[in-house]
Amino acid sequence: MMDDLQAILNENQLEGITQTEGPVLILAGAGSGKTRVLTHRVAYLIENKHVEPYHILAITFTNKAAGEMKERIHKLAGDSGEMVWVATFHVTCVRILRRFADRIGYDNRFTIYDTDDSKTVMKEVIRKLKLDPKRYKERYFLNKISSAKNELIPPEGYAAAAGSSPDVLLVARAYAEYQARLRSNNAMDFDDLLMKTVELFRLDAEVLNIYQSRFRYIMVDEYQDTNTAQFAFIELLARAHGNLCVVGDDDQSIYKFRGANIRNILDFEQHFPDAKVIKLEQNYRSVQTVLDVANSVIQNNRGRKEKKLWTDNGAGERVIYRQFDSGAEEALFIASDIAKQQRFGNFNYRDCAVLYRTNAQSRLLEEQFLVSNIPYRIVGGVNFYGRREIKDVLAYLKTIDNARDDLACRRIINVPKRGIGATTISRVADYADDVGIGFYQALQTLEEIPNIGRAKSKLNDFVLFIEGLKAEAEYLSVSELIKKVLELTGYVAELELEGTDEAKTRIENIDELVSKAVSFEKDYVGEDDDGRTMLSAFLEEVALIADIDRLEGDDDYVVLMTLHSAKGLEFDNVYLAGMEDGLFPSFLSITADNPDEEIEEERRLCYVGITRAKKRLVMTAAKMRMIRGETRYSATSRFVREIPKELLNGEVYEPRSYDNFTVEEEDDTVEEEKSVERKAHFRRTVPAPKKSPTTAATYQKKMSRDFGTKIEKNELDYAVGDRVSHQKFGEGEVLSINDGGRDFEVTVRFEGGNVRKMFASFAKLTKV
DNA sequence: GGTTTGAAACTTTTT
DNA sequence: GTTTCAAACC
């Protein structure tokens, strides 16, 4: 094996693989083959060091990274690789807590709250503490609490750690109340998963011992993004044997806002004094010019571990920079350029990615991609599992699965409308609170609840409905159960009747959830050591999925996403849009109390963006941009200005008038002329496409954007005057068919005289 | 109890 | 410009 390795790896990579004992820090520059080192390291441990796969733990940040690593380990080490524990921090902690959470006072069947759920709870807390919701927003408290949890500070210790100003004391109270509510709901939020696992390890030597003796070789990917809680978790586990290998790049630390502590990687040698440090500086991804640009930007940061990426991939073209008058022109250029690259056969759509600082920027880009008929997909924005219809369906499943998820139950008790109003719900909730039982539990003792009067029978119907589903859940698969719920509640039928574009999208989302359930069932091998049902396992997997994890498939489309989402990915042809001071680096970072630190974080983000490019990199900016309905004028990003001229194709214009985000009336005339000229030139080379001639095509594209599903406007197999049959309304006569552009609008008179208009693709009418 | 309408907030990044 | 939330109305 060693001979093979020597042939495909450089010296430093080899060292990273074979240095298996003791603490090791691998400083892996962007594109230096760190995943390769990690996977080969695992294989090497198994095959050459005869370590039991069972004793190896590899931790990542995203499910996607974990999946890829699993796959590659499997390829290298065969079936024994299956036994290696490869998972994200969160999944790892959940697995541990599912076995032992009872030792710290939780039920092992605790539920996991997402950010939406946390928000709902925090709203209640604010109400309970009688705070002015106008003045104190949930987000404020939740951010503070999240930071505290990432620092392993419990509610009791909050005031001591943060001071004694009135605001701090208020946060401490909110934190305590919030945590008490989670506890009584038997729920944990994302941050709890880590904090509580550390708490468990610290309080229960037996449990810690179990995992210490299991995980004898530990590897952590993206170590620069670990926070204090994650560090404590790793440190506790590694303490027994000391075989800890962390891989990361301090220049790619971009999650400070989420509690990531860059000191974890910078001080690794202090934390683990006999640590071996290995630097991977040869880049296998990008051409030299891209690396030079990346180096020229990142070297402006202080307090970093000095390294210089190099490659033997060749020099490559200069990096392109273009500044436009408006965000729309910028978007038009990017779309046109991608179309051109594709037409000339330089790049496929899938080789292109557009990266930006904020999700809001995606809108303009999306519009241009629609008009230009370029297939694309947006990552991020509203999380798939955060969509209303998905949350509704999942809330049903949660209620069926675990009667203790109050939020889930309250969410769907009146969805669809059952005539159960806010007043009734809060009376039940109050009662449940007083007695100290769960919401659903309270519903089962309706007789005891005061003041619910007429609503009682409605509530009872709901309980019977859920109980019926619970009985069915015993023998139905998850996907079957979802379909059953949809059928019995009429959820989809209701959306079909609505017939709006939005309803259509919602139905597609639900379909995707069903597909997800089906594929989950296929992979599910009953790996529940704790006697959990398949339904529980499904809900858990779904709770820990991020949007980026769904990015896959062989379709040919351009990817649009934030710079944060792009970490770990690579593309032949990359566009960095919105290179403007105030947008990137963000206004908030420039005006922060500690601007140097904040801007360094932004610069690292820029570094991440640049190093995604393999062959070609294009940076763009707009002088004028609409932000929150206001027009803002910006100068070229300071990061672009940090790039030496000889590496850039394109000039950096620096009109004084755009400084400080204000417009001055006296425009530099020379500058103005240049701008006009540039604009004219741009218009000549890339004619602006007319407004989309067929709204139909545009619409279909828009519909297909998120999930790649394709809407076909099929020919209808019935005509005016035909008898047709509808699933719900029965038979009827077709009165008229209108081509509504995106779809056919069919009017039918059903038996009983009901005349209904509906879209053909929903109604699924069949000729009789 | 449900629906409609208008105001207000939102925009940094997410497991 | 879009979405969310509450008050007013049905």
Side-chain angles (χ1 to χ4, degrees), chain A residues 59-66 87-94 112-116 118-120 123 133-134 137-139 142-143 146 149-150 188-194 222 225-227 229-230 253-260 327-328 355-364 366-367 379-383 385-388 414-425 453-455 458 502 543-549 561-568 578 582-592 598-599 601-602 604-606 608-609 625-632:
Chain A
I59 291 201
T60 63
F61 272 84
T62 65
N63 293 298
K64 188 164 184 276
T88 63
F89 273 105
H90 294 270
V91 168
T92 301
C93 289
V94 170
I112 302 167
Y113 276 2
D114 64 17
T115 19
D116 261 21
S118 300
K119 232 179 178 170
T120 310
K123 261 183 210 152
K134 289 249 171 355
K137 298 187 197 92
E138 314 96 69
R139 273 263 297 286
L142 287 172
N143 282 336
S146 176
K149 287 181 174 180
N150 289 332
M188 298 201 197
D189 63 18
F190 285 137
D191 301 316
D192 278 337
L193 297 177
L194 269 152
E222 307 280 12
D225 288 328
T226 49
N227 60 35
Q230 286 159 340
S253 167
I254 55 173
Y255 282 111
K256 181 158 163 275
F257 72 93
R258 210 166 66 189
L355 311 181
Y356 36 79
R357 181 66 180 80
T358 67
N359 275 314
Q361 287 168 260
S362 67
R363 217 193 85 251
L364 282 176
E366 182 176 13
E367 281 169 12
V379 176
V382 186
N383 191 331
Y385 290 97
R387 289 165 203 268
R388 186 180 34 162
N414 201 29
V415 177
K417 305 270 183 295
R418 297 190 175 88
I420 302 171
T423 325
T424 309
I425 293 174
R454 284 192 311 268
K458 292 174 186 164
E502 197 192 323
L544 296 171
I545 283 181
D547 213 46
I548 189 79
D549 297 331
M561 65 186 135
T562 63
L563 288 150
H564 283 88
S565 305
K567 199 176 66 164
L583 183 62
F584 187 33
S586 76
F587 186 74
L588 271 136
S589 68
I590 298 172
T591 56
E598 298 283 325
I599 286 171
E601 172 114 347
E602 298 275 310
R604 290 193 289 271
L605 194 53
C606 184
V608 167
R625 188 183 292 277
M626 285 274 271
I627 291 177
R628 289 154 62 177
E630 268 176 50
T631 309
R632 195 150 89 184

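Naming convention: chains lettered A, B, ... in sequence-line order (proteins, then strands); numbering from 1 in each chain. Please read these numbers as outputs of a predicted model, since none were measured by experiment.
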Rounded to the nearest Å, what distance is computed from the [atom1] atom of residue [X] to the [atom2] atom of nucleotide [N]?
X: A/Met561; N: B/dT14; atom1: CE; atom2: C1'; result: 14 Å
X: A/Arg625; N: B/dT11; atom1: CZ; atom2: P; result: 18 Å
X: A/Glu598; N: B/dT13; atom1: CD; atom2: P; result: 15 Å
X: A/Glu601; N: B/dT14; atom1: CD; atom2: P; result: 13 Å
X: A/Asn359; N: C/dT2; atom1: CG; atom2: C1'; result: 14 Å
X: A/Arg418; N: B/dG1; atom1: CZ; atom2: P; result: 15 Å
X: A/Lys64; N: B/dT14; atom1: NZ; atom2: P; result: 15 Å
X: A/Asp192; N: B/dT15; atom1: CG; atom2: C1'; result: 14 Å

Handout entry: For A/Arg388, all residues meeting side chain to side chain contact (heavy atoms under 4.5 Å, CB included), sequence neighbours excluded
Key = A/Asp392, A/Arg411, A/Glu502, A/Arg506
Of the listed nucleotides [options], the one nearest the side chain of [X]:
X: A/Leu588; options: C/dG1, B/dT13, B/dT11; answer: B/dT11
X: A/Thr115; options: B/dT14, C/dT2, B/dT15; answer: B/dT15
X: A/Ala360; options: B/dT11, C/dG1, B/dT14; answer: B/dT11
X: A/His90; options: B/dT13, C/dT2, B/dT15; answer: B/dT15
X: A/Tyr255; options: C/dT2, B/dT3, B/dT14; answer: B/dT14
X: A/Thr62; options: B/dT15, B/dT11, B/dT14; answer: B/dT15

Problem - Electrostatic pair A/Arg604:A/Glu601 at N-O distance under 4.0 angstrom - result: yes
Using a heavy-atom cut-off of 4.0 Å across all strands, would you classify [X] as base, sugar-phosphate, or nothing?
X: A/Thr423; answer: sugar-phosphate
X: A/Lys458; answer: nothing
X: A/Phe190; answer: base
X: A/Asn414; answer: sugar-phosphate

Problem - For A/Phe61, all residues meeting ring pair (Phe, Tyr, Trp, His ring centres under 6.0 Å), sequence neighbours excluded - result: A/Phe89
Practice task
Check the side chains of A/Ser118 and A/Asp189 for a donor-acceptor pair under 3.5 angstrom, ignoring hydrogens and angles.
Solution key: no
Short side-chain N/O contact from [X] to OP1 or OP2 of [N], under 4.0 Å:
X: A/Thr424; N: B/dG1; result: yes
X: A/Asn63; N: B/dT15; result: no
X: A/Ser586; N: B/dT13; result: no
X: A/Arg139; N: B/dT11; result: yes

Practice task
Find out whether A/Glu222 and A/Thr60 are in side-chain contact, i.e. whether some heavy atom of one side chain is under 4.5 Å from a heavy atom of the other.
Solution key: no
Problem - Side-chain heavy atoms of A/Phe584 within contact of A/Thr358, under 4.5 Å - result: no
Practice task
Using the closest heavy atom to pick a nucleotide of DNA chain B for each, name whichever of A/Arg258 or A/Lys417 lands nearer the 5' end.
Solution key: A/Lys417
Exercise for the section: Sticking with atom P, work out how far C/dT4 lies from B/dT13, rounded to a whole angstrom. Expected result: 15 Å
